[in-house]
Amino acid sequence: MRTYNDHRQKMLLDIQKVDFMLVDLNLFLDTHPNCAEAIAEHNKLAEISCKLRDAYEKQHGPLMAKTWDQSECNWAWVENPWPWDVQ
Amino acid sequence: MWYYDKKLQHPVNIKKGDLRMAKCIAAQLGGPDGELGASLRYLSQRYSMPTGKSRALFTDIGTEELAHVEMISTMMYQLMKDATIDDIIAAGLAPYYTQHGKAVYPVDASGVPFTAAYFQSQEDPITNIYENMAAEQKARSTYERLIHLADDPDIIEPLKFLRQREVVHFQRFGEALQDVSFNRMSPKYH
Ligand SMILES: [Fe+2]
């Protein structure tokens, strides 16, 4: 078993918060696709999410199998913890 | 197609096992108003939706419900994983244990396996939206009862998050109803 890492959890929580706002805005925009204010907010959050995910993946491995860092020599996707592990 | 994101939509970290709550929370995994049925309902119905807005919404809510299936499954896993045989017998889960051990399997709170008979998918888009609005209300009510039954904040907090999502989905389906009704009034239908 791996040892759980507070720094990793903190970075993940920041991503969860931003990505949740994106999911919620996504649904709002589905029924209000011309709301300029929501689009601007979505674009701003999408940029923040990108940066946070990049930083997380460099230190703690891929969040998606396709966001694989080619410089690594092991398939870090298989590393624990998985989302259902108590963190 | 879909991609998997290696995180939960909202954190679930239950430190203390609780088979009584696992048994009740199963309702929202494999029960009639649960997350699995919700996801399959919207993802099946989306092919009959006439407008871009409603197709997008059904796809995106159906996808979010899959993230809720994962949260509820995680709760089940964490609530059951350290249970002893004595705990299992005391909680009345011996029949479940016989068939599944402590694995996560979609049943309702009484142990009845999940069935697609819990939801409909019809050609009429208005019919589908009314079903979905009712489904979101039924899921919200179920979450409220689960919150009343729980006493551990680690359990209550994610349940409150999931309850709130039902309220938002209900609101969005209501807006889709307006959109589809407006579309139906357009000349191509009359
Ligand atoms: Fe929902």
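Order of the sequence lines fixes the chain letters, A, B, ..., with proteins taken first and strands second; residue numbering starts at 1 for each chain.
- Considering only heavy-atom pairs separated by less than 4.5 Å from chain A, the leading option among B:K15, B:E70, B:Q9 is B:Q9.
- Aromatic ring orientation, B:H169 versus B:H68: parallel (interplanar angle below 30°, classes split at 30° and 60°).
- Looking at B:D179, neither its backbone nor its side chain comes within 4.5 Å of chain A, counting heavy atoms on both sides.
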Pairs under 3.5 angstrom only: tabulate donor-acceptor contacts from the side chains of residues 76-83 of chain B to other protein residues two or more places apart or in another chain.
| unit_1 | atom_1 | unit_2 | atom_2 | d |
| --- | --- | --- | --- | --- |
| B:Q78 | OE1 | B:I14 | N | 2.7 |
| B:Q78 | NE2 | A:W84 | O | 3.0 |
| B:Q78 | NE2 | B:V12 | O | 3.2 |

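- At a 4.5 Å heavy-atom cutoff, the contact between B:F161 and chain A is made by side-chain atoms alone.
- In terms of heavy-atom pairs under 4.5 Å with chain A, the best-connected choice from B:Q178, B:H10, B:Q171, B:R165 is B:R165.
- Note on ring orientation: taking the six-membered ring where Trp is involved, the planes of B:Y4 and A:W82 are parallel (angle under 30°, cut-offs 30° and 60°).
- In this view, B:I156 and B:I147, B:A150, B:K160 satisfy the side chain to side chain contact (heavy atoms under 4.5 Å, CB included) rule, not counting sequence neighbours.
- Using a 4.5 Å cut-off between heavy atoms, A:L13 touches chain B through its side chain atoms alone.
- Looking at A:L12, only its side chain comes within 4.5 Å of chain B, counting heavy atoms on both sides.
- Annotation: cation-pi geometry not satisfied between B:K23 and B:Y96 (NZ/CZ under 6.0 angstrom from ring centroid, within 45° of ring axis).
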